[in-house]
Every structure is written in C-alpha cells, then in structure tokens.
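Below you'll find the structure, written out as structure tokens, and then a few comments.
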Amino acid sequence: MAAGMDFSSQKSLLMILFGFLGLFSFTAEAATKKYQFDIQVKNVSRLCHAKPIVTVNGRFPGPTIYVREGDRVQVNVTNHAKYNMSIHWHGIKQYRNGWADGPAYITQCPIQTGSSYTYDFNVTGQRGTLWWHAHILWLRATVYGAIVIMPKPGTPFPFPQPAREFEILLGEWWHNDVEAVETQGNQMGLPPNMSDAHTINGKPGPLFPCSEKHTYAMEVEQGKTYLLRIINAALDDELFFAIAGHNMTVVEVDAVYTKPFTTQAILIAPGQTTNVLVKANQLAGRYFVATRTFMDAPIPVDNKSATAIFQYKGIPNTVLPILPSLPAANDTRFALSYNKKLRSLNSPLYPANVPLQVDRNLFYTIGLAKNSCPTCVNGTRLLASLNNVSFVMPQTALLQAHYFNIKGVYRTDFPDKPSTTFNYTGAPLTANLGTLTGTRISKLPFNSTVELVLQDTNLLTVESHPFHLHGYNFFVVGTGIGNFDPAKDPPKYNLVDPIERNTVGVPTGGWTAIRFRADNPGVWFMHCHLELHTGWGLKTAFLVEDGPGQDQSVVPPPKDLPTC
C-alpha cells in the first residue's frame, strides 16, 4: 500500500511542478517539450510471478507526456528490445504529419532493434486526456502511457477547477509472455488465452494473490474535488469503472469537453479516455475503485475486477475498503443509456462543427469468418472483415508508398458498401461469404464530408466493436440496435451536439453512424481497437488526397524515418 501512496504523491509533485513552470511560460506562445523513450526489457512481478516485459524507460505503465495546447513535442524513441517497435500518439490529429502518427506499416516502417526515431509533432487545437501506446504486434499490453494536454495559459477548464488530478490507466495482465500468447493463438487459428487480471496503473489490487503491495491508491481530502483522467489501455476488454459511495461527473471524453452529467459508473472501451470530477464528500474512510469487463455477447472474457483505493487523508490502512456496485457484466441497458448521455459541450468557445451535408456515404459491415487452415486445430482460422474484406498488412508503409508513388503496395478500391446484402443482425450465420483478403483502402478527396455507418453482423456472432480513426475526430450522429435503416434512421440523427471523439463503440448487434470532414491529407488507419480483431484483419485505411493550398498537403518525411 505504501508503494501506491508514494507513487501518487510523486505524481502530485510533478503536476504542481508542471503548473509552476507553466507560470513562467505564460507569455510564451508555445514551447517545445522533449522526451527520451528507451524501449527496454525489465523483469516485473505480478500475481506471485515475475516475467520480462517490454517497457519505456523501465516503467510500467510508461511515463506521462505533459504538454500544453499549442506546444511542439519531440519524443526520441530508441529501441533496445528484440522486437520491432512503433509508438502511436492516440488521438493527436497530426495535421499533414502522418509521419508522426506511429502505426507500423501504415505511416512508418517500425523502429528496428538498435535504431532510433524522433516523433516530432504539434498539439494544435486540442486539450484534455489522450494516450500513447505501441502500435505493432501485441506490445501495447505493457508499452503505454498517458498524454495530458493542459489548456493554453490563462484558459480555464469549462468546469470547476479540481484540487488535484490523477491519471488512471486501465490495462490487462498475462502470466505468460504476451507475444507468445498471440503467436500460439495464430498458430492454432483460435482466440488466444484471455488475460489473467485487469490492472489499474499496472496494479491488479488486493483481491488478487500476492497483490497487497501492487495496489494503486489516491489520497484525498474531505470536501475537495478531484479530476480523474481515465484511459482504457486494455487490449480486448470494454470496462466498467466505479468508486464505492461516490458519484462521478463526466466532463470530457477523448480530449473533447462534454455537457457534464453525473453517474455512478462509466463505460469505457479500449482506446477511449474519460475525464470525471469526483467530490470527496462521503464519510472519511477507504473506498475501493473497481473496474470489470462489459460483455453482452456469448463470448468468454476475463471477468475479474481490478481494484485501487480512494483513501481519505488520515484514515489508517487497517480500515477495510468498501466495494462499489458495478453494473452486471452483460448490462446492455446501462451501456446504451450511458453512451446516449454523452453530448458535446457545443459552446461558443468549443463548438460542435458537425458536417450537415454529406459528400460520401459509406456503409461498412463488421464480420467474423473462418477460412481454411490445414495446420490449425480445427482446420480453420478465424478472420475478421469490413465489407467482407480482411485487411492484409503491407511490407511497405502505406504513407511512404503514397508519398513516394511506390506501385503495387495497396489498392484504392475498398468497397463503399458490402457486395452482398442480408439480414445483418438476424439469426446467427455460420456460412462463409467467401471473405476476401487484400490491402485495400478508400480514397477521399480533400475537404470532402463523409458519413460512415458501421454495422455489426451476426456472422459467427454479434459483438461490440470499438473503432478508432487515426488523424481525426468524428461526430457520433446516430446509433441503434438491429439493422441500420437508411430511410428511417437518419432523420433521428443528432446534428446539434453529438459527441465528438476518436474511438467509438459499435453496439452488439447494432450500428453507429459517424461524420467527419476529410481535411487532413495523408493515409489514416481505421481499425477495431480490440487487438484480437485487429490482428484478424478488422481494419482498413483512408487515403485523403492533398488539397490545392500550400498548407493542404502532406509535409515531407523526416530524415530519420525508418525503412522497411
């Protein structure tokens, strides 16, 4: 317990120091923040078992990037591990600068062992909580950390100023080497073993064996209000999160301010961030913070709760914490109700600029399939697809192929709609539609407006899918259960204050409609943020063409860009 409290105190000092230094840069328009990330293997013990894991600077989770809106960030990544590496700055828009986005073989070739690469990018027009993570293999299981973007000097939060902030990173832990788990699953053609524990800031909490000292704690004072910056860094699990006896007020998701609302629990999908205000207004004591999987489909998951401690100052560690009441693991009603409450702030300072006219309508079905695999356990291998196309990763990065006009790397004929229409969410369909494979992406004219409807299907099974679009935020204008109806559903869209974000959950057996303006030239990955499904091919990319203006084309690549 003491270790958790010490770590919390250190973070508090860092935040105070960061704010103090910020006073001196009040008159400066922008600063350059430089970080060194050494990718190195370190032995870490959890659940009575030690194993080597890949880390940044020997830390798990990795270091937090602290910046202000308008800053320039330079992160030099040096790879000392045996695996190739790339780092994605999840939610940073990277305007015209896909070279700093990070997904391996999409915008860059990976950083090889013994090599370095500097990610150099500006944080423009964004403030709030984002995060960074490895974007190759399953290495983001341990290679991840927070990005805290403070508003410009003199710009207050559009909600009460908290007394203090805490970063809360939710993750997963495997007894075995994560890459070995992934490899075994691929060889067998089956889903790999699920995680052995969930974690809060890398720690599973005292409900797990040998974990009393591996418990994160937040010390709070009676009557004060705290800001929790919550990040779901789990590989494959949507998660509930709650604090015993305390309500939370949601004020931001994915670094976009929301209309505040109060809730006893939040739902957060892999890749998403949520900022909440918590007031320490209960009887002074020790309260469990808990997180557990949400799954409303017949799919086995790691359903064990990770816990941390919300501890009032002066209360001894001998006081037993109180457990929160989390929604049931399959509580679909809570999930739909919670997501419906999310609305953009849509104020004069932070408007919701929703595209009202649409130039390009896209309809993508999400499906699972089994393809022949003579060496696999059942003679088949699981695949995932969009519009019946399972994406094949290239050997040359797509952005490099686009920028240098390298032929034969990808095709720009990804279908705007499925070739076969059917009752997408009807009775389970086990038939293989003849899933195609290929490196196929969509081309979008610069500044065109796009509506994309993501439709879950019952091919093998329905399931919730969190989709992340690199290089952009988008507006979630509609969602529903069942099959999308192009005649009846669009009139019900929210085009006034829909939530704006970079990662959205498509509900189990349902659909989600998003809109965005293609004003960021380059090649931008779009994929399910369940690492399992991404590996099976549930991904594609958008090639956004250059615009006519001087500042509307992809910037030249940096000199140290890795080669394949």
Side-chain angles (χ1 to χ4, degrees), residues 1 3-4 41-55 59-62 81 83 133-134 137-145 168-188 190-217 230-242 268-271 288-295 297-309 323-324 326 329-330 377 382 463-464 466 529-536:
M1 285 305 304
V41 174
K42 182 183 179 183
N43 272 328
V44 172
S45 179
R46 294 290 186 274
L47 311 181
C48 319
H49 173 72
K51 70 169 186 177
I53 64 170
V54 181
T55 69
R59 295 169 59 179
F60 170 65
Y83 301 104
H133 60 83
L137 306 172
W138 278 26
L139 293 173
R140 75 174 180 87
T142 56
V143 180
Y144 62 87
I168 307 291
L169 292 107
L170 311 177
E172 292 181 84
W173 180 266
W174 278 260
H175 280 308
N176 295 325
D177 177 81
V178 177
E179 288 311 312
V181 171
E182 179 195 12
T183 301
Q184 182 187 37
N186 289 338
Q187 289 173 346
M188 296 173 68
L190 297 171
N193 293 336
M194 68 184 74
S195 57
D196 296 293
H198 290 108
T199 58
I200 298 176
N201 287 343
K203 301 173 180 182
L207 303 186
F208 287 88
C210 306
S211 296
E212 183 65 29
K213 66 178 180 179
H214 297 304
T215 302
Y216 178 72
I230 306 162
I231 298 163
N232 186 348
L235 262 65
D236 293 305
D237 292 338
E238 289 189 74
L239 296 167
F240 293 120
F241 177 93
I268 184 166
F288 267 131
V289 178
T291 186
R292 187 182 64 206
T293 302
F294 163 63
M295 173 54 75
I299 294 170
V301 293
D302 174 5
N303 61 4
K304 297 179 287 295
S305 296
T307 52
I309 308 288
L323 268 170
L326 288 165
N330 61 350
V377 172
L382 285 164
E463 186 176 351
S464 176
H529 219 278
L530 303 180
E531 209 61 42
L532 181 63
H533 292 172
T534 303
W536 288 350

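When reading the values below, keep in mind they use all heavy atoms of this one structure, side chains included, and skip hydrogens, waters and symmetry mates.
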Over all atoms of both residues, closest heavy-atom pair of L382 and P191:
CD1-CD, 3.5 Å

So, the side chain of N201 versus the backbone of L169: is there a donor-acceptor pair under 3.5 Å, distance only?
yes

With under 30° as parallel and over 60° as perpendicular, where do the rings of F60 and Y144 fit, or are they tilted in between?
perpendicular

Atom CD of E531 and atom CG of L139: how far apart are they, to the nearest 0.5 Å?
9.5 Å

Name all residues meeting the side-chain contact (heavy atoms from CB on, under 4.5 Å) criterion together with P192; count only those two or more places apart in sequence or in a different chain, and write none if there are none.
W138, V181, L532

Between P270 and L530, the two heavy atoms sitting closest are CG-CD2, 3.8 Å

What's the verdict on side chain to side chain contact (heavy atoms under 4.5 Å, CB included) for W173 and I53, showing C-alpha distance, side-chain angles and the deciding distance?
CA-CA 11 Å; W173 180 266; I53 64 170; 4.0 Å; yes

Measure the OG1-CG distance between T55 and N43 for me, rounded to the nearest 0.5 Å.
10.5 Å

Go through the steps to decide whether Y216 and I309 satisfy the test side chain to side chain contact (heavy atoms under 4.5 Å, CB included), and finish with yes or no.
CA-CA 6 Å; Y216 178 72; I309 308 288; over 6 Å; no

Looking at W174, does the NZ or CZ of K51 lie under 6.0 angstrom from its six-membered ring centre and within 45 degrees of the ring axis?
no

In this structure, CH2 of W536 is separated from CG of N186 (nearest 0.5 Å) by 9.5 Å

Residue of the set M194, E182, E172 for which side-chain contact (heavy atoms from CB on, under 4.5 Å) holds with L235
E172

From the list T293, T307, L170, side-chain contact (heavy atoms from CB on, under 4.5 Å) partner of H198 resolves to T293

Distance check, rounded to the nearest 0.5 Å: N193 atom CG versus L190 atom CG?
10.0 Å

Run L323 and S305 through side chain to side chain contact (heavy atoms under 4.5 Å, CB included) and show every step you take.
CA-CA 11 Å; L323 268 170; S305 296; over 6 Å; no

Correct closest heavy-atom pair for P209 and S211 would be O-OG, 2.9 Å

Between R46 and G202, is there a donor-acceptor pair closer than 3.5 Å when you use the side chain of the first and the backbone of the second?
yes

Which atoms form the tightest heavy-atom contact between A233 and R140, and what is the distance?
O-NH1, 3.2 Å

Can you name the closest pair of heavy atoms from R292 and A329 and give their distance?
NH2-N, 4.0 Å

Measure the CG-CG distance between N330 and N303 for me, rounded to the nearest 0.5 Å.
11.0 Å

Closest heavy-atom pair and its distance - F288, P324:
O-CD, 3.5 Å

Nearest 0.5 Å, please: how far is CD1 in I200 from OG1 in T215?
9.5 Å

Give a yes or no on whether the backbone of L239 and the side-chain of D237 come within a donor-acceptor separation of less than 3.5 Å.
no

What pairs with K304 under side-chain hydrogen bond (donor to acceptor under 3.5 Å, both in side chains), at least two apart in sequence or on another chain?
D302

Using a 3.5 Å distance criterion without hydrogens, assess whether the side chain of H175 forms a donor-acceptor pair with backbone atoms of L47.
no

Checking N232 against H529 for the side chain to side chain contact (heavy atoms under 4.5 Å, CB included) test, could you report, in this order, the C-alpha distance in whole Å, the side-chain angles of both residues, the deciding distance, and whether it holds?
CA-CA 11 Å; N232 186 348; H529 219 278; over 6 Å; no

Of all residues at least two apart in sequence or in a different chain, which pass the ring pair (Phe, Tyr, Trp, His ring centres under 6.0 Å) check with F241?
none

